[in-house]
Protein chains: 2
Amino acid sequence: MAKHVVSGSKRTVRAVNAATLARLREAGLRPTRQRLALAALLFDGHPHGRHVSAEALFGEVRAAGAKVSLATVYNTLHQFTAAGLLRELVVDPGTSLFDTNVGDHHHLYFEDSGDLRDVDADRIEIKGLPATPKGAEVARVDVIVRLRRRS
Amino acid sequence: MAKHVVSGSKRTVRAVNAATLARLREAGLRPTRQRLALAALLFDGHPHGRHVSAEALFGEVRAAGAKVSLATVYNTLHQFTAAGLLRELVVDPGTSLFDTNVGDHHHLYFEDSGDLRDVDADRIEIKGLPATPKGAEVARVDVIVRLRRRS
DNA sequence: TTTTTAAACTAGAATAATTCTAATCTATTG
DNA sequence: CAATAGATTAGAATTATTCTAGTTTAAAAA
């Protein structure tokens with residue numbers, strides 16, 4: 001896959017994924033060192049998407065050696081979400097997860113293990129929903145199937 | 001509607017809804033002054049159910065003149081939830097709502113107003129969900145339809 | 001009724017997740 | 001390369017929730 005070099009920074013910097021770079025530019029977000037590091041962790045080499053909390057991503061990015069503050073992780077996750085690069089979801093009260101799969105899909109949540117799996121929306125049909133009121137539109141439909149070990 | 005008088009307390013106390021009292025007893029929860037006050041706000045005179053946050057309920061119970069601490073509100077909401085008298089749900093990251101409707105149902109969320117409406121599950125049919133894995137069972141299915149003003 | 005006791009309640013401290021602030025830095029533009 | 005708008009940061013602040021440990025109370029026993 002093609003790599004580019006980001007110019008304009010003081011010490012010219014490691015190669016980045018071209019698609020990631022393009023994604024940021026399209027979203028009107030400057031491709032800063034921090035955003036690139038976070039985007040790499042979020043989007044590179046995860047063909048099936050991932051679900052990540054702010055704290056977990058913060059851990060990863062620092063483990064990867066990048067200097068990024070927790071505030072920036074939060075800022076970036078929200079900016080990516082606003083730009084349509086991520087989707088925020090809550091399966092357990094208390095913390096948000098960010099989903100790199102922004103296609104129309106739903107979730108299977110294994111309460112015991114905490115495992116969360118995507119289910120393509122086009123495999124699913126939901127009938128009987130009330131008519132969307134005039135002047136409103138459906139922003140999104142979230143389906144979470146919660147599974148537990150059979151008793 | 002029939003009322004009972006709770007005995008055993010120091011100053012014999014105001015009449016309470018018999019159904020509420022029975023509900024607590026069935027759940028193995030002592031009908032304390034605080035639980036009765038909270039249960040009254042939650043369950044009495046709300047035929048269509050309600051969605052309430054801990055803070056909001058705390059406000060209501062104190063406005064009603066009862067002395068109940070915030071810790072007790074949280075304890076009670078969780079005990080009621082464990083007893084199947086309430087259902088916890090999250091529509092917005094950051095805070096939990098407690099739903100007095102514990103029947104099988106889903107939600108319509110108006111993002112602009114914050115309004116939340118129940119949709120009976122038996123009006124709805126969901127097809128194409130993946131098979132429940134062996135050894136697991138569906139604990140519950142949450143559907144949240146998020147609506148916003150049409151752009 | 002009084003006593004006993006486990007359960008429940010409480011204020012306030014503690015924690016967890018997230019947001020804010022205001023100072024510093026840097027990617028882009030001229 | 002200088003100017004500047006935008007981005008980053010550490011740490012403080014805020015918000016929602018949980019915990020602690022001392023006090024009160026409902027229910028059971030006497």
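Here is how names work: the chains are called A, B, and so on, in the same order as the sequence lines, proteins then strands, and each is numbered from 1. No experiment lies behind these values; they were computed from the predicted model shown. These values consider heavy atoms only, across backbone and side chains, with no hydrogens, waters or symmetry-generated copies.
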Student: Using a heavy-atom cut-off of 4.0 Å across all strands, would you classify B:Thr95 as base, sugar-phosphate, or nothing?
Tutor: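 Here B:Thr95 touches the backbone only, sparing every base.
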
Student: Please give, in whole Å, the distance from D:dA16 C1' to B:Phe98 CZ?
Tutor: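 These atoms are roughly 11 Å apart.
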
Student: Under 4.0 Å, counting only non-hydrogen atoms across every strand here, what does B:Ser96 touch: a base, just sugar-phosphate, or nothing?
Tutor: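 Sugar-phosphate contact only.
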
Student: Between C:dT10, D:dA27, D:dT9, spot the one nearest the side chain of A:Ser69, thanks.
Tutor: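 Side chain of A:Ser69 sits closest to D:dT9.
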
Student: Calculate the interatomic distance between A:Lys67 atom NZ and C:dT24 atom C1'; express it in whole Å.
Tutor: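 To the nearest whole Å, that distance equals 15 Å.
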
Student: Reading DNA chain C from 5' onward, which residue's closest nucleotide shows up sooner: B:Val68 or A:Thr32?
Tutor: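 It is B:Val68, whose closest nucleotide lies nearer the 5' terminus.
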
Student: Do A:Asp120 and A:His106 come within less than 4.5 Å of each other through their side chains, counting heavy atoms only?
Tutor: no

Student: In this structure, how many angstroms lie between the P atom of C:dA17 and the CG atom of A:Leu57, rounded?
Tutor: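 So the two atoms are 15 Å apart, to the nearest Å.
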
Student: Is A:Arg23 positioned over the aromatic face of A:Phe43, cation under 6.0 angstrom from the ring centre and no more than 45 degrees off axis?
Tutor: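 Relative to the ring axis of A:Phe43, which defines the angle, A:Arg23 lies inside both limits.
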
Student: Nearest to the A:Ala71 side chain among D:dT17, D:dT9, D:dT18, which nucleotide is it?
Tutor: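 Closest nucleotide to the A:Ala71 side chain: D:dT9.
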
Student: Between B:His105 and B:His107, what is the ring plane arrangement, given parallel below 30°, perpendicular above 60°, and tilted in between?
Tutor: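 Rings of B:His105 and B:His107: perpendicular, as their planes differ by over 60°.
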
Student: Could you state the NE2-P distance from A:His78 to D:dT8, rounded to the nearest angstrom?
Tutor: 15 Å

Student: Which sits closer to the 5' end of DNA chain D, B:Ala54 or B:Leu29, going by the nucleotide each is nearest to?
Tutor: B:Ala54

Student: Judged by atom type as modelled, is there a donor-acceptor pair below 3.5 Å linking the side chain of B:Arg50 to the main-chain atoms of B:Asp99?
Tutor: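 Absent.
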
Student: I want to confirm an ordering. Mapping A:Gln34 and A:Tyr74 to their closest nucleotides on DNA chain C, which one lands closer to the 5' end?
Tutor: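 This one resolves to A:Tyr74.
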
Student: Measure CZ/A:Phe58 against C1'/D:dG11 and give the value in whole Å, please.
Tutor: 12 Å

Student: Can you tell which of C:dA6, D:dT17, D:dA10 lies closest to the side chain of B:Leu70?
Tutor: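 In terms of side-chain proximity for B:Leu70, the closest of C:dA6, D:dT17, D:dA10 is D:dT17.
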
Student: Rounded to the nearest angstrom, tell me the gap between atom CG in A:Leu97 and atom C1' in C:dA17.
Tutor: 13 Å

Student: Salt bridge or not for A:Arg87 and A:Asp142, using N-O below 4.0 Å?
Tutor: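 A salt bridge is present here (some side-chain N lies under 4.0 Å from a carboxylate O).
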
Student: To the side chain of B:Pro31, which of D:dA26, C:dT10, D:dA10 is closest?
Tutor: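 Nearest listed nucleotide: D:dA26.
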
